[in-house]
Amino acid sequence: MTLSLIAPPAEEPVTLAEARAHLRLDAAEEDALLAALITASRTALEAETRRAFVMQHWRLTLDDWPSRPIELPLAPVTEVTAVKVALLSGTMLTIDPAFYEVDAKGEPPRIAARRGQAWPMPATRLAGIEVEFTAGYGPAAAVPQTLKQAVLLLAAHWFENRAPMGEGAELPRTVSALAAPYRRLRL
């Protein structure tokens, strides 16, 4: 199973102006660094929570159909835009959406062939199935305020502490506490 980003978010959940105000910065000379830290903070928190914050497009590639419904690794899912299977010709066949059903609101979001249907077998043994989907809460304005605050705090933490601290893999406690209610647990 491979997850690939097709189209990143068009905007970040926190603006540069919001981050500058949070840090009480008047000058714009470190805007490039601060913008990179906002993106890195969002990405780190998305990985921590297994959620997409701002709308973005992804592709999940599979070798074979699972015996159970396909579980999408990110939430919330807005829509499944395509399910494709490899043909002998080397092209991908897009499966009619009427053939399958989507539980976008589930935890995790899932896709399954409708009752009485069977998924077509891919012509290749590896990476012969693609599921393209849109994930995220919507535009930046729709991202929960708690997650925005976590992005702000993590970006500020990295801005003020430019040398590695601690074990390097841990989030600051306040950031971790803000993200905790949004974590999708793995069983």
Side-chain angles (χ1 to χ4, degrees), residues 1-25 27-62 70-81 102-111 131-187:
M1 174 172 78
T2 303
L3 185 63
S4 308
L5 181 63
I6 298 172
E11 60 186 340
E12 293 297 337
V14 173
T15 67
L16 192 55
E18 290 170 323
R20 241 196 266 123
H22 180 78
L23 285 163
R24 298 183 181 141
L25 294 176
E29 62 226 13
E30 296 197 86
D31 279 1
L33 170 64
L34 192 51
L37 291 174
I38 291 168
T39 300
S41 297
R42 174 193 45 85
T43 304
L45 287 164
E46 285 176 337
E48 179 74 14
T49 61
R50 295 177 50 219
R51 294 188 178 279
F53 294 177
V54 181
M55 191 157 315
Q56 46 200 274
H57 303 282
W58 290 86
R59 176 181 299 124
L60 176 65
T61 306
L62 304 167
I70 299 167
E71 295 183 355
L72 298 177
L74 291 174
V77 168
T78 316
E79 70 175 321
V80 172
T81 54
V102 178
D103 175 17
K105 303 288 185 218
E107 284 289 338
R110 301 170 300 158
I111 303 169
V131 178
E132 295 182 7
F133 62 99
T134 303
Y137 290 99
V143 176
Q145 188 59 43
T146 307
L147 292 174
K148 288 182 180 188
Q149 187 64 29
V151 170
L152 267 177
L153 287 173
L154 187 55
H157 174 75
W158 286 341
F159 184 85
E160 293 170 351
N161 301 287
R162 297 184 189 192
M165 298 182 68
E167 298 298 316
E170 296 176 10
L171 292 174
R173 285 185 186 166
T174 305
V175 173
S176 185
L178 287 169
Y182 295 92
R183 278 194 185 93
R184 293 181 54 229
L185 301 176
R186 294 176 192 192
L187 299 177

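Computed from a predicted structure; not experimentally measured.
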Is the closest side-chain heavy-atom distance between [X] and [Y] below 4.5 Å?
X	Y	result
V102	F133	no
E30	R20	no
V143	V151	no
L45	L147	no

Atom [atom1] in [X], atom [atom2] in [Y]: separation rounded to 0.5 Å?
X	Y	atom1	atom2	value
T43	L5	OG1	CG	9.0 Å
I70	D103	CD1	CG	13.0 Å
F53	L74	CZ	CG	10.5 Å
E12	E18	CD	CD	11.5 Å
H157	L154	NE2	CG	7.0 Å
L178	K148	CG	NZ	14.0 Å

Closest heavy-atom pair and its distance - [X], [Y]:
X	Y	answer
A19	I38	CB-CD1, 3.6 Å
A52	P76	O-CD, 3.7 Å
P8	Q56	C-CB, 4.1 Å

So does P9 get a backbone contact from the side chain of E11, meaning a donor-acceptor N/O pair under 3.5 Å?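 Flag not set: sc E11 to bb P9 has no pair under 3.5 Å.
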
If only atom types and distance count, is the side chain of E132 paired as donor or acceptor with the main-chain N or O of H57 below 3.5 Å?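 The answer is no, because no donor-acceptor pair under 3.5 Å joins these two groups.
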
Does the side-chain contact (heavy atoms from CB on, under 4.5 Å) test come out yes or no for E160 and L23, once each step is laid out? CA-CA 9 Å; E160 293 170 351; L23 285 163; 3.4 Å; yes

More than 12 foreign heavy atoms under 6.0 Å from CZ of R110: is that the case here?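 Not more than 12 within 6.0 Å, no.
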
Decide, yes or no, whether a salt bridge links R50 with E107 under the criterion of side-chain N to carboxylate O below 4.0 Å.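 No, no charged N to carboxylate O under 4.0 Å.
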
